[in-house]
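Computed from heavy atoms alone, side chains included, the values below leave out hydrogens, waters and symmetry copies. Computed from a prediction, not measured in an experiment: that's the story for all the values here.
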Amino acid sequence: MKKFLNWLKSPKSDFALFIIVLILANLAAHNAFLRFDLTQPKSYSLSKASRQLVKTLEEPLSIRVFFDDNLPSPYSAVAQYVKDILVEYKGAANKNLTVTYMDMSKEQNDQMASDYGLHQIQIQEVKNNEVGFKQGYMGLVVSYGDRIEVLDAITSSDGFEYKLTSTISKMISTANTLAGLNENEKITLTLYMSNTLNNLGIDGTEFIKDYTEKAFKTVNKQNFDRLSYNVISPEESQIPELVEKYGIQSIQYNTRKGNTQKNTAVLGLVLEMNDNFRVLPLSIQRSLFGYGVAGLDELETSIADSLQSLVSKVTQIGYITGHNELDLANEKYSKNFDKLVSSAYELVELDLSEKDIPANMKTIIINGPQYDYTEEELYKIDQFILKGGNVMFFIDSMNQDGTANYYGSQPYVPNELNIDRLLNKYGLKRDYNYVMDEQCYSQNNTQYGKLNMYWVPVLQKKQLAKKHPITANLGYVIMLQNGSIDSSEAQQNKDVKVTVLARSSEKAWAETENIMLNPVMLQPPQDKSRMSSKDLAVLVEGKFQSAFDEPPVPTEDDEDDDEETEKKPKPVATADDDIMTANHISSSIQPGKIFLIGTSFVTTYQILDESGSSPIAMFLMNVVDYMNGNEELCTMRTKGLTVNTLEIKSANFAKSVQYFNEFGIAVLVAVAGFITWRLRVKRRKQIRLRYNPDDSREIDTIKKQTTEKTSKTENSENDKEEK
């Protein structure tokens, strides 16, 4: 023991002790590591909402990672990103979260991925100067209780945290709701299918019941056996009532050729809970090969998604109708917008002439109205805002009047609406124009060359609000047919906060008359003084003053309608009355939010994709989230690394940046390395001369240099003498 202690005290043990300390330090760092996220959008850090979600897990949550090894670029970067983010989830979570990385080289794991419903994606790979393709898995399987959700084909890091956190949140909400149901309370899945469908020769009708029952059993097992299943073949007389109630598909057919009398059948799959229901996408469709059943292959997914939507406590958003607003069901209008918003919220159509805005509703959307509102409707919107409600206005500044001009196109006229009365009172003014911008979307045409779509401005990062959660992480946004907005009056109001979310570039101008959206006939103005930056989207938050001095008096038509339905005695005030009631609110009792953009075209299929991955889709969803108090979701959705793009000033500048990245950095590194090497050599020499001038190496070097110098001098003198 004494020898060991002496050994520890001696210099001989230094190396061994250093190795031991290094091992212990690594073990400690493995459990208490420190990371720094230097990216501007904090792409490698979890948001507060994600941390809180996994920190408060009450039941075990399992995440299985199915990613193939040795993925080629850029998929390898995506795999590393997913791994890094899952490390953050694990570090923030409690003991109920487990993350397992599956070894895809094992055959059983490959089969497990297939059983979960993951699909292999085709990946292009360049190897040995040859281009080839390989199949690989890139997905996650999330399990919570008996519920299983799949995140498949994760080929991009954009929005990954948002997708995973949203999935976990919905699973927890659904599981808690199902667990809270009474034992006798069931959610019913009903297949309405006429028996006559099997005799019509429609491809796939013989498999409908088997596929539906199989999908039901799988979903029911994953959801605590809370579902019940029924198959109903209704009588023909009952079909109109079912179609009107649920909106399921009715099929008319002839029993014999030449028979003019039509018979009716029905097909529909309905998931119902109390008074709420969801209609699943199961229908008969026509193709090139005749009629067939559509929706059988995705039945299990459809039932699971509909169940989640049915039982989850989804925030409702009112969608105002009755004034020729954009139709949510029409693919050419706002169907994509409906799908986008409905992924996290529930859009409820509201006709203000018949209904009031529900008290539990925080936000309403007014999208593309073309007709005036009644005074009563305007008053409902006004009072809703003053009670702390939030309104999203998508109002076109110009409309086509429907008459063709000399060139065959329809001219644009100002879209004047009485809803401006509310906006003007709140300090906002719509300008009746179209903002054109030289910084716009362009196309190459075989006949005309490059065509600039000046009415489709491309807003770069500096045209977006840098510090606001809605636009902070967006690199660019494409707009369409915007009118400018004047918020100067609102900016003078101390009770509200005004944020210009989006504005055009400095090379923008406004067209107010004789507008023709034709890139061949539309050119920038010669007078450059007309060009300036225009505000395109504005957010106003705070307390407002009412646009009404008192509640509007019902019109005569309203009074007649009331008399026809029910005659109610009106309250009469007498001199002895000591109580007077008034429901009118003249100023805000709670802060509200108003979002105004001078176009409704941003919600249409023309620039809004169904998947919601485009910048304008992220912009709109961020607005919806912010208006509903979900600010954390805004930053979470736009954390991806590819959302931000460089602003290219010119083609030559872009080429210069490209060459610098390819060759310039390497040259700078080589030069820096050479300079560092020479400085180190010089420093070592100075140290030797100062602290060890008698060093034989230095003395020999000096002697050698002196001898060489003397020899050169003598040779030079001899040459001179010879000359």
Side-chain angles (χ1 to χ4, degrees), residues 61-83 85-86 99-127 131-144 146-168 170-171 204 207 210-212 214-219 221-223 280-282 285 287 292-309 339 343 609-614 640 642:
L61 177 74
S62 172
I63 300 178
R64 293 183 177 89
V65 184
F66 292 89
F67 270 77
D68 279 341
D69 296 329
N70 301 322
L71 292 170
S73 180
Y75 302 107
S76 57
V78 176
Q80 185 61 46
Y81 178 84
V82 170
K83 184 177 181 180
I85 287 295
L86 290 178
V99 179
T100 307
Y101 297 90
M102 312 304 294
D103 185 359
M104 301 310 297
S105 62
K106 297 181 179 179
E107 185 177 350
Q108 61 268 29
N109 291 338
D110 188 281
Q111 183 61 41
M112 185 186 300
S114 178
D115 294 340
Y116 276 127
L118 293 173
H119 300 88
Q120 287 185 325
I121 61 173
Q122 184 170 284
I123 301 171
Q124 181 175 319
E125 183 179 23
V126 179
K127 192 174 183 180
V131 178
F133 295 92
K134 63 179 292 186
Q135 301 288 332
Y137 285 104
M138 298 183 68
L140 302 181
V141 175
V142 186
S143 304
Y144 184 78
D146 292 333
R147 291 191 56 78
I148 296 176
E149 292 290 340
V150 174
L151 296 180
D152 199 8
I154 306 175
T155 57
S156 173
S157 60
D158 292 344
F160 173 73
E161 183 192 348
Y162 174 78
K163 295 175 184 177
L164 181 55
T165 298
S166 300
T167 299
I168 296 173
K170 290 178 181 179
M171 292 176 70
F207 304 117
D210 293 338
Y211 275 60
T212 306
K214 180 181 178 181
F216 161 77
K217 289 181 178 179
T218 302
V219 177
K221 183 179 179 182
Q222 296 174 355
N223 292 278
L280 278 69
L282 179 65
Q285 296 182 1
S287 65
V293 180
L296 288 178
D297 295 335
E298 302 293 333
L299 265 183
E300 186 177 321
T301 302
S302 299
I303 296 174
D305 292 344
S306 299
L307 176 64
Q308 194 172 79
S309 172
K339 291 181 180 179
S343 63
D609 61 314
E610 184 177 350
S611 63
S613 58
S614 63
T642 62

Minimum heavy-atom separation for [X] and [Y], please, with both atom names.
X: Ser76; Y: Leu71; result: CB-O, 3.1 Å
X: Ser343; Y: Lys170; result: O-NZ, 2.7 Å
X: Gly139; Y: Ile154; result: CA-CD1, 4.2 Å
X: Ser302; Y: Leu280; result: C-CD2, 3.9 Å
X: Ala79; Y: Phe67; result: CB-CD2, 3.7 Å
X: Leu282; Y: Gly295; result: CD1-C, 4.4 Å

Are any side-chain N or O atoms of [X] and backbone N or O atoms of [Y], one a donor and one an acceptor, separated by less than 3.5 Å?
X: Asp110; Y: Met104; value: no
X: Asp68; Y: Tyr137; value: yes
X: Thr218; Y: Lys214; value: yes
X: Asn109; Y: Met102; value: no

Compare all side-chain heavy atoms of [X] with those of [Y] and state whether any distance is below 4.5 angstrom.
X: Gln135; Y: Ile121; answer: no
X: Val65; Y: Leu86; answer: yes
X: Leu164; Y: Leu151; answer: yes
X: Leu140; Y: Phe160; answer: yes
X: Val142; Y: Leu61; answer: yes
X: Tyr144; Y: Ile168; answer: no
X: Val293; Y: Phe207; answer: no
X: Asp69; Y: Asp103; answer: yes

- Neighbour count above 12 (heavy atom, 6.0 Å) for Glu107 CD: no

- Does OH belonging to Tyr211 count more than 12 external heavy atoms closer than 6.0 Å? no

What's the spacing between [X] [atom1] and [Y] [atom2] if we round to 0.5 Å?
X: Met138; Y: Ser156; atom1: CE; atom2: OG; result: 9.5 Å
X: Leu307; Y: Arg147; atom1: CG; atom2: CZ; result: 6.0 Å
X: Leu118; Y: Phe66; atom1: CG; atom2: CZ; result: 6.0 Å
X: Gln108; Y: Met112; atom1: CD; atom2: CE; result: 7.5 Å
X: Gln120; Y: Ile123; atom1: CD; atom2: CD1; result: 9.0 Å
X: Phe216; Y: Ile303; atom1: CZ; atom2: CD1; result: 8.5 Å

- Query: Would you call Lys163-Glu161 a salt bridge at under 4.0 Å N-O?
  - Reply: no

- With a 3.5 Å cut-off and no angle check, do the side chains of Arg64 and Tyr101 form a donor-acceptor pair? no

